[in-house]
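Please read the structure below before turning to the comments.
Chain identifiers are assigned alphabetically (A, B, ...) following the order of the sequence lines, protein sequences preceding nucleic acid strands; residue numbering begins at 1 within each chain.
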Protein chains: 2
Amino acid sequence: MNAPAPLILLVEDEPQMRRFLRVSLEGSGYRYLEAATGQEGLALAAQHRPEAILLDLGLPDMDGLDLVARLREWSQTPVIVISARGQESDKVAALDAGADDYLTKPFGTRELLARVRVALRHAGPEAEEPVFVLDRWRVDLAKRQVLVDGREVHLTPLEYSLFTTLIRHAGKVVTHRQLLKEVWGGAAGAQPLYLRVYMTQLRHKLEEEPSRPKYLQTEPGVGYRLFTES
Amino acid sequence: MNAPAPLILLVEDEPQMRRFLRVSLEGSGYRYLEAATGQEGLALAAQHRPEAILLDLGLPDMDGLDLVARLREWSQTPVIVISARGQESDKVAALDAGADDYLTKPFGTRELLARVRVALRHAGPEAEEPVFVLDRWRVDLAKRQVLVDGREVHLTPLEYSLFTTLIRHAGKVVTHRQLLKEVWGGAAGAQPLYLRVYMTQLRHKLEEEPSRPKYLQTEPGVGYRLFTES
DNA sequence: AGGGGGTGTTAAGAAGTCGTTAGGAAATGG
DNA sequence: CCATTTCCTAACGACTTCTTAACACCCCCT
């Protein structure tokens, strides 16, 4: 349902500034990586494919602009340059080297985060649709749509929730207790009887022979499972 | 072989600043358009599809942030905001409203041009017509115009917002919560009842058989969706 | 062969949600 | 300032979904 938090790479050698950036990003729920040198930064970028890069110029081992140029050989990841130098020529050089933004120290946390959001917005909506396909079934989790043989089948909220819970644990047995908890919520009152009723309904809507289920299988005394061949 | 020079739209009411920007852009070989008001700016943007927009806040007729929001309803064209106000909160507000960069006056020509180059770099491959077509419906997002069988149908602001929200998520189920948030704004007080009333109105204005909607479908207990045949 | 636990099936009432209408409040535009 | 449009709210019938109960079934065990 919810995508993981965007990953951001910090390339910064100064411990103090690094701490500041780390706290800012962490407080906003981003995942982050750190590199203290240009080499390390490039390696981490290649290895983890962050969704944005914060780059402080003035690294010990290589020129920041070279880093951007090297990165741009294979990646379009947005780069926000951070620098103490506010000269116009510095900004122009960095932006023309391939950086996407240029922030001059000192700057505020809120502006930094706003510019990070812009960068992430640019990173593009690379949202591949989570679609579960099994034999004649096609379940589009994003659209909340279930197709059987290309024909749409309507599921009620509980039916859909039960079905997607089984899909999430496809192939594995899910216990009665776990199903009741995930579908009906931890609250009390949920009875194993519900499962039998709704499994029946699901089978009638989805299985070819509801009385001889091929995929929505019972694991007697334990729970149910969605059988995925082999 | 060689594409025409990128087209840039200036939205600026101050004659002096306009002259400065014009000279800067012209000297770099860009084509440009000028607008002195927000209304004119929106119209020109819709008509000529510039590849980037330079927007001065503090226009006479409308708030600059509203202009960005209106533009973002149908276009992803990069917007560089220019402002005399350097407050961090101003920058954050503009960037979060959809702007891509924020320049505080005074600024140098070379930095401006460098940031324009960044913006043009971002400007992706040819945006398609900002028109949504489905069966007998034709919605021009730029003109805010809805046609049914070629006949214009008038929608109130809320109706239009609700409709375009469904269009933006065409095919997907949009939950009550999400619709209320996107159409009525995150603020409190929005009730699911609103949705029922406005969906009824939309169906009467847009559907052939309002009581048997073909496209504006209800997903009981979950939300609504704009049905686009699989 | 006869229980008995767990399971499948069906149906009907209860609970909740939705569609529709209309009228008054609020905002808009001249 | 008034006319018009738009928005909010309440009420109620119609519909969908959920819960619950009753009963049939099947396999295993003694």
Side-chain angles (χ1 to χ4, degrees), chain A residues 144 146 152-163 165-166 173-177 179-180 182-185 187-225 227, chain B residues 39 61-63 66 144 146 152-166 173-177 179-180 182-185 187-225 227:
Chain A
R144 195 195 182 279
V146 179
E152 175 159 14
V153 170
H154 176 75
L155 299 185
T156 72
L158 279 180
E159 288 165 359
Y160 183 80
S161 174
L162 176 59
F163 189 35
T165 300
L166 289 171
V173 177
V174 190
T175 64
H176 299 133
R177 175 193 306 273
L179 283 172
L180 289 170
E182 295 196 28
V183 177
W184 273 264
Q191 300 174 32
L193 166 61
Y194 299 170
L195 291 178
R196 281 184 270 139
V197 172
Y198 280 95
M199 284 303 295
T200 297
Q201 287 175 189
L202 275 183
R203 283 169 179 154
H204 274 83
K205 288 184 174 182
L206 303 174
E207 290 273 7
E208 205 154 14
E209 291 181 89
S211 58
R212 208 175 304 270
K214 196 170 162 192
Y215 298 110
L216 295 169
Q217 293 187 341
T218 301
E219 211 66 38
V222 185
Y224 297 89
R225 81 160 145 180
F227 181 75
Chain B
Q39 290 298 339
D61 63 330
M62 70 187 290
D63 183 14
D66 284 347
R144 290 189 149 222
V146 179
E152 175 156 13
V153 169
H154 174 74
L155 299 185
T156 72
L158 275 180
E159 287 166 0
Y160 182 81
S161 174
L162 176 59
F163 188 36
T164 53
T165 300
L166 289 171
V173 175
V174 190
T175 64
H176 300 130
R177 176 193 306 273
L179 284 172
L180 289 170
E182 295 196 27
V183 177
W184 273 264
Q191 299 175 31
L193 168 61
Y194 302 171
L195 291 178
R196 282 185 271 144
V197 172
Y198 280 93
M199 284 303 295
T200 298
Q201 288 175 187
L202 274 183
R203 295 207 257 239
H204 273 83
K205 289 183 175 182
L206 302 174
E207 289 273 6
E208 203 155 14
E209 291 181 89
S211 58
R212 205 179 308 265
K214 197 171 163 193
Y215 298 109
L216 296 169
Q217 292 187 340
T218 301
E219 209 66 37
V222 184
Y224 296 88
R225 79 162 154 175
F227 182 77

Can you pull the salt bridge (charged side-chain N to carboxylate O under 4.0 Å, His left out) pairs that have at least one residue in residues 196-206 of chain A, sequence neighbours excluded? Glu159(A)-Lys205(A)
Are any of Gln191(A)'s side-chain N or O atoms less than 4.0 Å away from OP1 or OP2 of dT20(D)? yes
Listed by chain and number, what are the side-chain contact (heavy atoms from CB on, under 4.5 Å) partners of Ser161(A), not counting sequence neighbours? Thr165(A), Val183(A)
Bend across the helix from dA1(C)-dT30(D) to dG30(C)-dC1(D), to 10°, with axes taken over 5 pairs at each end? 30°
For a side-chain contact (heavy atoms from CB on, under 4.5 Å) with Leu180(A), tell me which candidate from Leu162(A), Thr175(A), Leu195(A) qualifies. Leu195(A)
Find the distance Leu180(B):CG to dT17(C):P and express it as a whole number of Å. 14 Å
Check salt bridge (Lys or Arg N to Asp or Glu O under 4.0 Å) between Glu182(B) and all other residues, then give those that pass, not counting sequence neighbours. Arg168(B)
Any side-chain N or O of Tyr194(B) less than 4.0 Å from the OP1 or OP2 oxygen of dC7(D)? no
With a 4.0 Å cutoff (strictly under), does any side-chain N or O of Trp184(A) reach OP1 or OP2 of dT19(D)? yes
With B for base contact, S for sugar-phosphate-only contact and - for none (protein heavy atoms under 4.0 Å), nucleotides 2-16 of chain C reads ----SBBBB------
Using a heavy-atom cut-off of 4.0 Å across all strands, would you classify Pro192(B) as base, sugar-phosphate, or nothing? nothing
With sequence neighbours excluded, what pairs up with Tyr160(A) under the ring-ring contact (aromatic ring centres under 6.0 Å, His included) test? none
So do Met199(B) and Leu166(B) actually touch side chain to side chain, heavy atoms under 4.5 Å? yes
